[in-house]
Amino acid sequence: MRCLKDLNPKQLEAVQFFDRNSMVFAGPGTGKTRVITSRIAYMLESGKLPEARRILAITFTNKASNEMKSRVAAFGVDQKRVRIGTFHNFCMWVLKAYGDKINLSREFTFISSNQQLHLLKQVAKDANLMMKPNDLKNRISDLKNSSVDFEDYLNKTRSGTQEFQVAAADYQNRLYAHKLIDYDDAILHTATIFKLKPSILELYHNAFPYILVDEMQDTNRMQLELIRLLGGNAKHVMAVADDDQSIYGWRGALPTVIQEYIDLLAADKIILNQNYRSPQRVLDVANRLIQFNDGRTEKELVGRPNELGDDVIGRWFDTWKEEAEWVADKIVELHSAGMEYRQMIILYRSRHPSLKVIDEKLLEKGIPFQHFGKNFQNKKQLLSEFIVASMKLIADPNNEVVLSALIYAFAQRFELNDDFDLYEYYKKDSDRLTLDRLAQIHVEDEIDDAVQRTAEFCLSAKDLKSFAKLYDGLYKALNIEEDLAKYDETTRHEEKRHLDLMRDRMSKSVASTITDMLAEIELQDDSNHIDQRMNKVGVSTFHTAKGLEYKAVFIIALEDHFVPGRNGGRPDKEQEERRGLYVAITRAESKLFITHANQRTDWNGRIEAVRPSRFIDDMRKREVTES
DNA sequence: GACGACAGGGTTTTT
DNA sequence: CCCTGTCGTC
C-alpha cells in the first residue's frame, strides 16, 4: 500500500496498531507527523474506517493543526473523511451545536485576554479580593486545567479564601450573562456536556470511531479527560507524545499526564527512536543529557547509519561579550561557506538584559536576524482587538462586558491614567452605558471623538452583510491607520500583518453570523507565526524553537541560574529544565555549538561572576570538543 | 488619600 | 533597568 512505503518497522507498527488504545512515544525528529498522516491514509485506503464515519485528529496548537492538514492533503487524503483541529477548535464546534444543553448561548464568543483581565479586575474589586488580575487569572486557569468537569472545578475553588470563591463565581456568572467563555471553559464545558448527556457523546463516538492526539505531552488533565470521554470503549485512540520534550509543566502539561493517559486508557506503548534529523554526535549529547531524568520512558535516539556528523563544539569564554563575538564570527564563517542565515538559530533559556550583546554583535557584523516570540511590544493585537470588540457589539449591542472592555481598550490606547475610569466617566449618572448613549456624547477631545464615531458605526452597521465590509468600516471609524502611523517600524509592520491576516480570514469565513465568525477568528491567532521567507538568523528561547529544525544551532549562556533557570534549582523543576535543553539540542540538523561565559552583566549592568551549568557535566564526553 | 522615597524582584507561552 | 508594592509623611 502506497501509504506504508518508506516507513521503518516501528513506524509501521504504529500506523497499523488497532488492538487497543496506544501511546506512541516519538522522540524528536522520529517522524511522528509522518506516522499520523500515514495512519490516516491507511485507515482510509484499507477500508478500516466505515463509510460515513470520520477520523478525529486533535492537536494543541494551530501551527500543528495547519501542518497536519497540509501533510494530509499532500498525501492525497479525502479531506472530508478526517477532521483535524485544535482542542479548542473541536470544542467550539461541539459547543456551537450542543452548548444549549448547559444553557450556553449559541451566540457565545471567546473573551480576549485583555477583556479577561479587565473583567477580573472588576470582579476582584467587587469581591474585596486582594489579588492581582493576572494572578487571579492564572489561579482560575490552573484550577480549571486540573479539573475533569465544571463541578470538579467548582469544588476546587472551595480550597480558596471566601473572597476568592466569590470572585471566581462572579467571574463565571458574568461570562455566562454576557455570552462569553474563556479558553479553559471551552474544554471544560465540552467535557461537562459529554458527561451530563451521554446520548450526545454517543453521537461523537459514532461519528469518530478513530481518534488521534498529537503532542500529548503538552496536554493537561482537563484535556486528557476530554480524550478519555471521546475514546469511549472503542479502544481506538492513538496519542503521540514525547515525555522528554514536556516543557510546559507550569501550565498543567506535566509528564504525569502521559502516564495517566496510559493507565486510564489501558494504552500500549510504541516507541519511535530512529531519528532522521540530527547526526549521531548530536544525538549522543542529547541522549547522555536526558538519561539523568527520572521516570522517563527510555528511548535512546539512533541517527541514520554512517552519519556521525561533525563534533559538537563546546566553547567557554571569560565574558559574555567574547561569547557573543564568537557566535557572530561563527555565523559569518558558516554563511561564507554557503549556509543560509535562515538555517541558523541562536537559542537561550530566557530573556535577560545581558543578551542584548547578541543583538549588538550581530548588528555590528551586518548579520540579519529575527527574534522569535513576543519580545517586541505588548501593544500588539490591541488594534485588532478594537475591531473584534466592536463587531461583538454590532452583533450584541447590549453586551456590557464587551462594551466596557472596548472602553477600557480606548483608555489604554490613549494612555489614560489607570485610576481614571473612562467607563464611569461616560456612564455618569445613568443606570448603564449603552451604544446609543455613546453615540450622542458631547465631543470634547480626541478620545470622545474616537469613541463616538465607533459607537455610531456600530449602531449603523447592522445591515452590512459582508464581514470584509464591516472590517473596512471599522478600520475607518476607529482610525486604525492613524494609530498605526504612531508605531515604530517593526511594531507597525507586525500590527499591519496581524490586521491584514484578520481581514483575510473574515472575508474567507463561511460562518453565517458575526458571532460564529468571531469565534472562529479568535481561535486562529498566529501572531507569533515565524516568517520563514525572511532570510535571517533566528534568535529564540528554547520554548519557541520547539518543533523547528536548523542546520546550525547555537545554544548560549549555559550557566547555572540560566539553564537551569533561577527557580530551576529545585529537583522537580530541574528535570523540566533539562528537557528544555534537550529540546534545544535536538533542533540541530547538522552543527551544534554550546557556549557559556564566566562573567555576565546583571539587571543593573554590573558584572557578575557566573558558574557553568550543571548540565554541561551531564552532556560531557568526547563528542563535546572543549577549548 | 496623595506623593515620594525605598526595597525587592524580575522564566518559559498557547488557546 | 523598570515595574511593582510598601511605608512614611503631609
Side-chain angles (χ1 to χ4, degrees), chain A residues 58-66 85-93 95 109-116 130-135 137-138 141-142 144-145 181-190 214-215 217-220 222-223 226 245-254 347-356 372-376 378 380-381 417-419 519-530 540-547 557 559-570 573-574 576-584 601-606 608:
Chain A
I58 298 185
T59 65
F60 189 69
T61 64
N62 281 313
K63 196 178 136 210
S65 164
N66 292 335
T86 61
F87 274 98
H88 295 268
N89 172 277
F90 173 77
C91 289
M92 179 191 74
W93 187 55
L95 292 176
T109 52
F110 284 86
I111 189 165
S112 75
S113 96
N114 251 336
Q115 269 187 65
Q116 192 183 18
M130 299 305 274
M131 224 171 153
K132 284 186 287 183
N134 234 323
D135 293 345
K137 180 182 146 185
N138 291 336
S141 186
D142 284 350
K144 284 181 180 172
N145 282 325
I181 65 171
D182 67 26
Y183 288 119
D184 302 323
D185 289 345
I187 321 276
L188 224 41
H189 282 149
T190 306
D214 190 24
E215 302 265 30
Q217 78 280 356
D218 292 341
T219 283
N220 56 44
M222 169 176 79
Q223 288 155 334
L226 188 74
Q245 292 188 77
S246 168
I247 54 174
Y248 289 104
W250 82 92
R251 54 184 204 215
L254 297 159
L347 298 175
Y348 53 86
R349 167 67 243 268
S350 60
R351 296 172 228 289
H352 186 273
S354 79
L355 294 182
K356 269 204 322 245
F372 293 177
K374 312 193 167 194
N375 43 353
F376 299 89
N378 252 358
K380 195 186 259 184
Q381 284 167 285
N417 188 323
D418 220 31
D419 300 333
E520 248 172 53
I521 298 286
E522 288 183 301
L523 287 180
Q524 293 180 0
D525 178 8
D526 66 349
S527 53
N528 58 345
H529 166 84
I530 296 147
S540 163
T541 62
F542 294 171
H543 289 260
T544 320
K546 183 153 166 267
E559 295 131 29
D560 253 21
H561 297 295
F562 224 121
V563 192
R566 257 188 159 357
N567 291 333
R570 302 213 309 264
K573 292 255 181 184
E574 187 186 90
E576 182 162 318
E577 294 291 309
R578 194 180 272 112
R579 292 193 288 267
L581 180 55
Y582 177 82
V583 167
T601 47
D602 65 8
W603 292 85
N604 306 306
R606 264 203 284 275
E608 196 182 43

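No hydrogens, no waters, no symmetry mates; every other heavy atom, side chains included, goes into these values. From a predicted model like this one, the values you see are computed outputs, not experimental measurements.
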Rounded to whole angstrom units, what separation is found between the [atom1] atom of [X] and the [atom2] atom of [N]?
{"X": "A:Arg579", "N": "B:dT13", "atom1": "CZ", "atom2": "C1'", "result": "16 Å"}
{"X": "A:Glu577", "N": "B:dT11", "atom1": "CD", "atom2": "C1'", "result": "8 Å"}
{"X": "A:Arg349", "N": "B:dG10", "atom1": "CZ", "atom2": "P", "result": "14 Å"}
{"X": "A:Phe90", "N": "B:dT14", "atom1": "CZ", "atom2": "P", "result": "24 Å"}
{"X": "A:Asp184", "N": "B:dT14", "atom1": "CG", "atom2": "C1'", "result": "11 Å"}
{"X": "A:Asn134", "N": "B:dG10", "atom1": "CG", "atom2": "P", "result": "15 Å"}
{"X": "A:Asp135", "N": "B:dT11", "atom1": "CG", "atom2": "P", "result": "13 Å"}
{"X": "A:Tyr248", "N": "B:dT12", "atom1": "OH", "atom2": "P", "result": "11 Å"}

Pick the nucleotide of DNA chain B nearest each of A:Tyr183 and A:Asn604; which residue has the one closer to the 5' end?
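Here A:Asn604 is the residue nearer the 5' end.
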Assuming nearest nucleotide by heavy-atom distance, tell me which of A:Glu522 and A:Trp250 is located more 5' along DNA chain B.
A:Trp250
CA sep, side-chain torsions, deciding dist, call: A:Tyr348, A:Thr541, side-chain contact (heavy atoms from CB on, under 4.5 Å):
CA-CA 5 Å; A:Tyr348 53 86; A:Thr541 62; 3.6 Å; yes
According to side-chain hydrogen bond (donor to acceptor under 3.5 Å, both in side chains), who are the partners of [X], at least two apart in sequence or on a separate chain?
{"X": "A:Ser65", "answer": "none"}
{"X": "A:Glu576", "answer": "none"}
{"X": "A:Asp182", "answer": "A:Lys144, A:Tyr171"}
{"X": "A:Asn145", "answer": "A:Ser141, A:Asn220"}

Going by modelled atom types, is there a donor-acceptor pair between the base of B:dT11 and the side chain of A:Lys573 at under 3.5 Å?
yes
Classify the side chain of A:Arg351 versus the base of B:dT12 as yes if they form a donor-acceptor pair under 3.5 Å and no if they do not.
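Flag unset: no donor-acceptor pair detected.
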Using the rule given for side-chain contact (heavy atoms from CB on, under 4.5 Å), can you reason through A:Phe542 versus A:Ile247, listing the C-alpha separation, both sets of side-chain angles and the distance that settles it, and then say yes or no?
CA-CA 9 Å; A:Phe542 294 171; A:Ile247 54 174; 5.6 Å; no
Do we count A:Trp603 as stacking onto B:dG9 if the rule is ring centres under 5.5 Å and planes under 30°?
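Not stacked: fails the 5.5 Å / 30° test.
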Check every strand shown and say whether A:Phe60 touches a base, only sugar-phosphate, or nothing at a heavy-atom separation below 4.0 Å.
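Base, at least one base atom sits under 4.0 Å.
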Looking at A:Thr541, I'd like to know whether one of its side-chain N or O atoms comes within less than 4.0 Å of OP1 or OP2 on B:dT13.
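Answer is yes, contact under 4.0 Å.
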Respond yes when some side-chain nitrogen or oxygen of A:Asn62 is under 4.0 Å from OP1 or OP2 of B:dT15, and no when none is.
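Indeed, a polar side-chain atom of A:Asn62 lies that close.
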At the 4.0 Å heavy-atom cut-off to chain A, mark where contacts on DNA chain C begin and end, going 5' to 3'.
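So the outermost contacting nucleotides come out as C:dC1 to C:dG5.
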Residue list, salt bridge (Lys or Arg N to Asp or Glu O under 4.0 Å) with A:Lys546, at least two apart or on another chain
A:Glu215, A:Asp218
